[in-house]
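Only one structure is covered here, and it is reproduced in the block below.
The structure displayed is predicted, hence computed values, not measured ones. Heavy-atom basis, side chains included; hydrogens, waters and symmetry copies ignored.
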Amino acid sequence: MFKDLKNSFMQAGFLTTIWVLGGLTLIVGNAPVTLATVWHLIGIATLFAIVFGVLYPYVWHYATWIAPVTIAITTIANYGCGFGAVYLLSAEMFNLIKPYWLLILGLNLVGHIIAFYFYRQFQNKRLAKKLNQLR
């Protein structure tokens, strides 16, 4: 489990770095890069790696919590990660979306509820198929 989570952390961090660099290149172009920008990029990659590389795989594959706890934890983590990444990327952009925090949290919650139930249904079908093959 720890090896899988470590690999997921590294993959999520690396892919986030590439993704954010690509987005910044398209948006900003050849603007000069400061050392603070590099540290912000590392911070965004670390946030995404912790949430999507460690927390999500742990919660979805290893944890045995009841549905509301799983949904609440992933929603809060996703919300915090998203707002943290936006703040690290641009304080101006953060101030633009800050008034809509409740709407964003609500959409995030609804998305997690839908994803959770579809994923559980898929996982239950896969497990039932495996159990039926044991007969």
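Side-chain contact between Leu47 and Leu88 is present, with at least one heavy-atom pair separated by less than 4.5 Å.
Not counting sequence neighbours, the partners of Ile97 by the side chain to side chain contact (heavy atoms under 4.5 Å, CB included) test are Phe83, Val86, Ile104. By the ring pair (Phe, Tyr, Trp, His ring centres under 6.0 Å) test, Tyr117 is found to be paired with no residue, residues two or more places apart in sequence or in another chain being considered. Remark: Asp4 pairs with Tyr62 by the side chain to side chain donor-acceptor pair (under 3.5 Å) rule, at least two apart or across chains.
Results of the side-chain hydrogen bond (donor to acceptor under 3.5 Å, both in side chains) test with Asn108 over Thr75, Asn78, Thr74 single out Asn78 as the only residue that passes.
Of all the heavy atoms in Ala12 and Ala49, the pair that sits closest is CB-CA, 3.8 Å. The two residues Cys81 and Val51 make their nearest non-hydrogen contact at CB-CG2, 3.7 Å. Scanning all heavy atoms of the two residues, the minimum distance from Gly53 to Ser8 falls at O-CB, 2.8 Å.
Here ring-ring contact (aromatic ring centres under 6.0 Å, His included) pairs that include residues 6-33, with residues two or more places apart or in two chains, number zero. Legend: ring-ring contact (aromatic ring centres under 6.0 Å, His included) pairs involving residues 22-53, not counting sequence neighbours, sorted by first then second residue: Phe48-Phe52, Phe52-Tyr56.
Ring orientation note: the planes of Trp65 and Tyr58 are nearly perpendicular, at an angle over 60° on the 30°/60° scale.
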Acceptor/donor pairs from residues 28-37 side chains to any protein atom, 3.5 angstrom cut, sequence neighbours excluded:
{"residue": "Thr34", "atom": "OG1", "partner": "Thr37", "partner atom": "N", "Å": "3.3"}
{"residue": "Thr34", "atom": "OG1", "partner": "Thr37", "partner atom": "OG1", "Å": "3.0"}

